[in-house]
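Some notes on the structure that comes next.
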Amino acid sequence: MSDIILGIESSCDDTSAAVIRDGYLLSNVIASQAVHESFGGVVPELASRAHELNIVPVVSEALSRAGVKAEDLTAIAFTRGPGLLGSLLVGTSFAKALAVSLDIPLVMVNHLQGHVLAGFVKEYGKENRQPSFPYLCLLVSGGNSQIVRVNSPLEFEILGQTIDDAVGEAFDKCSKMMGLGYPGGPIIDRLAAKGDPLRFKFAKPHIPDLDYSFSGIKTSLLYFVRDEMAKDPDFMEKNKEDICASFQKTLIDILMDKLVKASKQTGIKEIAIGGGVSANSGLRRRVEDEGRRRRWNTYLPELKFTTDNAAMIAIAGYYHYLAGERCPLDVAPVSRIADF
Ligand code: KG4
């Protein structure tokens, strides 16, 4: 008999539902929330309200695209955290209610595990290359920057992580500061493609071991742009492509230095990336280039699995389900990874 898992993701500003059958994707529906754009960042209260509006139509659409009836589901997997508490509450409550009404098991998923396992979602008619264990995953998103050693689908070890801002935050905050818009990552990525990455130099942090820091580069960019604008008010407009290219290159250098170090220290050459920032074209190119040079096997997620999506929650939930894990109905969502 097949295992059909419904995944539900609502940790930030995307409401998503996906259906997988025996690890193969049948549907993955994502409703993004445009309501935050004019604020230059996610407004938690608006996010949870939008999840409430979206959750029923998104789940119905995922089931209908998958050609699956609710009664056919084997289990429901949901994101318990980390994320925005109000947003998580909507997905968690919905998943519990549906599981009770269908009398099927409920499985909880750590959002970050979802990103790390995104490459294990199989699709019909595709090659479905997957890393072998153990592998290293550079997990880079709006809320996290980590190097994770993945020993099995359910066994993770964080080798290094940011001590302040996440790299996605650096993209988003700097884009906002430069008046380029939100979310910053895709905007800077697009402008960087047309600029000279060697034109400007920004300070790089000196953090020990495999940890990261991205708050200093924000200040470095801010002072640089402010000083240049004092001399020439059109400086930003005239040079934004070179600024973005140089800034993006600095972020990628910082990420790659520690990833190379982690690979050397562990001897692991199976290298994956995940999370929203893994959509960055410069980072994807660098991982592939470095991989060729260092004889790594590299695994880049498809773009649709980089930002928040329920397919990755469904696949992570599938592994938990297979391992016999079940979630009690009184479980509460958690905003921080430490509380998981
Ligand atoms: O994983 P994600 O959807 O949300 C969480 O943080 O969980 O990641 C969102 C982040 C944002 O900071 C966004 O600016 C960044 O991913 N991002 C990118 C790109 N696309 C999205 N950053 C750099 N280049 C991109 N192409």
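Predicted model, so just to flag it, every value in this text is computed and none were measured.
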Task: Spacing of Gln146 atom CD and Phe156 atom CZ [to the nearest 0.5 Å] - done: 10.5 Å
TODO: Kindly compute the distance separating CG (Leu85) from CZ (Arg336), expressed to the nearest 0.5 Å.
DONE: 11.0 Å
Open item on the list: Among Leu283, Thr306, Ile273, exactly one meets side chain to side chain contact (heavy atoms under 4.5 Å, CB included) together with Leu300. Which residue is that?
Closed with: Ile273
Open item on the list: Under 3.5 Å, is there a donor on one side chain and an acceptor on the other for Ser2 and Asp22?
Closed with: yes
Open item on the list: I'd like to know whether Ile5 forms a side-chain contact (heavy atoms from CB on, under 4.5 Å) with Ile76, so could you lay out the CA-CA distance, the side-chain angles of the two residues, the decisive distance to 0.1 Å, and finally the verdict.
Closed with: CA-CA 6 Å; Ile5 312 286; Ile76 299 176; over 6 Å; no
TODO: Report the distance from atom OG1 of Thr298 to atom CG of Leu136, rounding to the nearest 0.5 Å.
DONE: 12.5 Å
Task: Distance-only side-chain donor-acceptor flag, Ser213 / Asp164, under 3.5 Å - done: yes
Task: Pair Glu45 + Arg49: basic N to acidic O under 4.0 Å - done: yes
Open item on the list: For the OG atom of Ser263 and the CD atom of Glu290, what is their distance to the nearest 0.5 Å?
Closed with: 9.5 Å
- [ ] Please list all pairs passing the side chain to side chain donor-acceptor pair (under 3.5 Å) test where one or both residues lie in residues 62-73, with sequence neighbours left out.
- [x] Glu61-Arg65
- [ ] Describe, in one word, how the ring planes of Tyr24 and Tyr124 are oriented to each other, choosing from parallel (under 30°), tilted (30 to 60°) and perpendicular (over 60°).
- [x] parallel
Task: Glu302 and Lys126 ion-paired at < 4.0 Å - done: yes
Task: Pair Phe305 + Phe120: ring centers closer than 6.0 Å - done: no
Task: Side-chain donor-acceptor pair present, Glu9, Ser11, cut-off under 3.5 Å - done: yes
Task: CE on Met256 to NZ on Lys249, rounded to 0.5 Å - done: 11.5 Å
TODO: Taking only Lys NZ, Arg NE, NH1 and NH2, and the carboxylate oxygens of Asp or Glu, determine whether Glu228 and Lys231 approach each other closer than 4.0 Å.
DONE: yes
TODO: Can you sort out the partners of Pro82 under side chain to side chain contact (heavy atoms under 4.5 Å, CB included), two or more places apart, ordered by chain and number?
DONE: Asn110, His111, Leu112, Ile337
Open item on the list: Under 4.0 Å between a side-chain nitrogen and a carboxylate oxygen: does that hold for Arg286 and Asp253?
Closed with: yes
Task: Rounded distance (nearest 0.5 Å) linking atom CD1 of Ile271 with atom CD1 of Ile147 - done: 9.0 Å
Open item on the list: Can you confirm whether the side chains of His51 and Ser10 place a donor and an acceptor under 3.5 Å from each other?
Closed with: no
- [ ] Assess the pair Tyr321 and Tyr319: is the distance between their ring centroids shorter than 6.0 Å?
- [x] no
Open item on the list: Less than 3.5 Å apart, any donor N or O on the side chain of Gln248 or Asn280 sitting next to an acceptor on the other?
Closed with: yes
